[in-house]
Amino acid sequence: MDLGHLLHLLIPSTTSVAILALFFAYLAVAGSTLPGKLVPGAVLQDGSRLRYRCNGLISLLILAGILGAASKLDIVSLTVIADRGLELLSTTFLFSFLVALVLYAVGCKSSNRSSSLKPHVSGNLLDDWWFGIQLNPQFMGIDLKFFFVRAGMMGWLFINLSIFARSVQEGTMSQSMVLFQLFCALYILDYFIHEEYMTSTWDIIAERLGFMLVFGDLVWIPFTFSIQGWWLLSNKVELRTAAVIANCFTFVIGYLVFRGANKQKHVFKKDPKAPIWGKPPRVIGGKLLASGYWGIARHCNYLGDLLLALSFSLPCGMSSPVPYFYPIYLLILLIWRERRDEARCAKKYREIWAEYRRLVPWRILPYVY
């Protein structure tokens with residue numbers, strides 16, 4: 001593929017714009033109208049709490065049903081995303097860039113003093129555009145931060161499914177492709193089953209909405225987390241039985257740590273006295289959980305995330321570093337984020353955090369880091 005052809009494939013088309021617009025329109029309508037559990041968010045500095053309608057799973061299943069029916073009626077091709085992957089990538093990137101500019105402009109003009117919408121302007125244009133100015137900006141009553149992360153996770157699944165449909169169409173489907181698709185689908189479906197846990201994560205509670213989160217949710221998650229599938233379309237991998245078993249083991253352990261740690265944190269924030277692993281929780285300074293996974297490492301959920309990322313890449317074998325872009329990138333990101341978390345927590349909790357560090361000395365992986 002020459003450079004000219006590549007650049008041509010990256011040019012947004014009316015079709016790619018229409019796909020993105022219809023996808024966002026569906027999510028906006030479904031998210032606002034379909035039934036779902038109303039989950040109160042964290043208490044903000046001004047004492048307010050946002051409410052999140054967690055109906056992502058039913059929204060996902062209905063959209064999958066609509067697309068399946070449309071495919072049967074020859075209204076849409078299941079490979080349309082895989083066929084237009086690069087132009088959808090560029091279209092989504094441009095959309096993210098423009099959204100971040102709008103968020104910056106609106107945030108600068110905001111006079112709202114609530115914790116969700118109060119502008120935090122540092123005076124550094126690039127910094128404010130990148131990290132954002134407002135904590136929870138909304139559009140037509142839709143919480144954009146929650147909306148974008150839902151769109152990114154759904155987008156990741158539908159990109160994968162379109163790649164899978166293309167592998168079936170081209171006759172290149174393999175055991176490796178099935179494993180990759182299975183692990184990703186289970187992870188994404190689990191995310192939506194436990195969508196309410198997202199409301200207690202750092203991104204929702206503390207990160208302002210700027211280009212970093214918009215790009216991360218809409219571009220980085222769906223388009224880079226699916227690299228393994230794209231790679232498997234043109235590369236055949238034969239896995240031995242031992243490799244398949246090891247891959248499944250990595251996924252299961254990663255899932256148990258990731259989901260278990262996040263569930264423990266979520267339950268603790270809702271009920272600080274709820275038992276952890278059948279015992280009363282150990283709490284530092286009345287604020288920090290030091291039981292369960294959180295008594296093993298201060299950021300143990302990151303270990304689960306890394307093992308899951310590795311399990312998505314292992315089906316591709318070891319012949320190329322390309323499929324391992326995601327776990328390598330995630331390792332770098334989570335170490336950087338863990339350092340940011342440590343600095344923020346040290347500033348926020350002071351001596352309580354120092355005591356927690358003494359009690360739980362390991363950051364992510366016990367006896368290693």
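In this chain, numbering begins with 1 at the start of the sequence shown.
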Check: S115 side chain, D46 main-chain N or O, donor-acceptor pair, under 3.5 Å: yes
Any donor-acceptor pair under 3.5 Å from K287 side chain to Y349 backbone: no
Main-chain N/O of L135 paired to R208 side chain as donor or acceptor, under 3.5 Å: no
Separation of L61 CG from I66 CD1 (nearest 0.5 Å): 11.0 Å
Aromatic ring pairing F148/F95, orientation class (parallel under 30°, perpendicular over 60°, tilted between): perpendicular
Under 3.5 Å donor-acceptor, S96 side chain and T92 backbone: yes
More than 12 heavy atoms of other groups within 6.0 Å of R282 CZ: no
Heavy-atom closest contact (I58 atom, P35 atom, distance): CG2-O, 3.9 Å
From N160 atom CG to M177 atom CE, the distance as rounded to the nearest 0.5 Å: 8.5 Å
ring-ring contact (aromatic ring centres under 6.0 Å, His included) between W129 and F97, worked out: CA-CA 10 Å; W129 171 76; F97 183 85; 5.5 Å; yes
Aromatic ring pairing H266/Y197, orientation class (parallel under 30°, perpendicular over 60°, tilted between): tilted
Nearest atoms (heavy-atom pairs only) where G85 meets W230: CA-CH2, 4.1 Å
Between T79 and S77: side-chain donor-acceptor atoms closer than 3.5 Å: yes
Whether D271 side chain and V267 backbone form a donor-acceptor pair below 3.5 Å: no
Approximate separation, where rounding is to 0.5 Å, of D128 CG and I133 CD1: 5.0 Å
V29 with L57, same ILVMFWY side-chain cluster at under 4.5 Å: no
pair N136-L209: side-chain heavy atoms closer than 4.5 Å: no
Sidechain-backbone polar pair: Q264 side chain, Y293 backbone, donor-acceptor under 3.5 Å: yes
Other residues, nucleotides, ligands: >12 heavy atoms within 6.0 Å of K269 NZ: yes
Geometric class of the Y367/W362 ring pair [parallel <30°, tilted 30-60°, perpendicular >60°]: tilted
Heavy-atom neighbours of K348 NZ exceed 12 at 6.0 Å: no
Intermediate values then yes/no, ring-ring contact (aromatic ring centres under 6.0 Å, His included), W294 and Y356: CA-CA 10 Å; W294 301 95; Y356 181 46; 8.1 Å; no
Stepwise salt bridge (charged side-chain N to carboxylate O under 4.0 Å, His left out) test for R298 and E342: CA-CA 9 Å; R298 300 195 297 273; E342 290 275 326; 2.8 Å; yes
Test ring-ring contact (aromatic ring centres under 6.0 Å, His included) applied to F223 and W156, step by step: CA-CA 7 Å; F223 290 98; W156 177 18; over 10 Å; no
Ring geometry between F225 and Y326 (parallel below 30°, tilted from 30 to 60°, perpendicular above 60°): parallel
Check against side-chain hydrogen bond (donor to acceptor under 3.5 Å, both in side chains), S174 and S176: CA-CA 5 Å; S174 62; S176 293; 4.6 Å; no
Check: A42 main-chain N/O paired with R49 side-chain donor or acceptor under 3.5 Å: no
Exam field: side chain S162 to backbone I159, donor-acceptor pair closer than 3.5 Å: no
From R340, R337, K145, residue fulfilling salt bridge (charged side-chain N to carboxylate O under 4.0 Å, His left out) relative to D203: R337
Short side-chain donor-acceptor distance under 3.5 Å, E338 and Y369: yes
Where G56 and M154 come nearest, the two heavy atoms and their spacing: O-CE, 3.3 Å
Spatial distance of atom CG (N235) from atom OG1 (T172) [nearest 0.5 Å]: 10.5 Å
Geometric class of the F183/F251 ring pair [parallel <30°, tilted 30-60°, perpendicular >60°]: parallel
Y255 and D190: CA distance, side-chain angles, deciding distance, side-chain hydrogen bond (donor to acceptor under 3.5 Å, both in side chains) verdict: CA-CA 10 Å; Y255 171 79; D190 177 79; 2.7 Å; yes
Any donor-acceptor pair under 3.5 Å from E87 side chain to P12 backbone: no
Whether F158 and F23 hold their rings parallel, tilted or perpendicular, with breakpoints at 30° and 60°: perpendicular
Reported CG-to-NZ distance for the pair L289 and K265, which is rounded to 0.5 angstrom: 10.5 Å
Distance, nearest 0.5 Å, that separates CG of N55 from CG of L60: 11.0 Å
Verdict with reasoning, W220 to F325, per ring-ring contact (aromatic ring centres under 6.0 Å, His included): CA-CA 12 Å; W220 198 259; F325 172 82; 5.7 Å; yes
E355 vs R358, salt bridge (charged side-chain N to carboxylate O under 4.0 Å, His left out): CA-CA, chis, key distance, verdict: CA-CA 5 Å; E355 184 180 350; R358 285 193 294 271; 5.1 Å; no
Parallel, tilted or perpendicular, as decided by the 30° and 60° cut-offs, for the rings of Y187 and F312: perpendicular
Where Y191 and V149 come nearest, the two heavy atoms and their spacing: OH-CG1, 3.7 Å
Distance-only donor-acceptor check, side chains T250 and S311, under 3.5 Å: no
Closest non-hydrogen atom pair between R53 and G31, with its separation: CD-O, 3.2 Å
Within 6.0 Å of CZ in R240, more than 12 heavy atoms from elsewhere: no
Closest non-hydrogen atom pair, P222 against G152: CB-O, 3.8 Å
Any donor-acceptor pair under 3.5 Å from S167 side chain to F164 backbone: yes
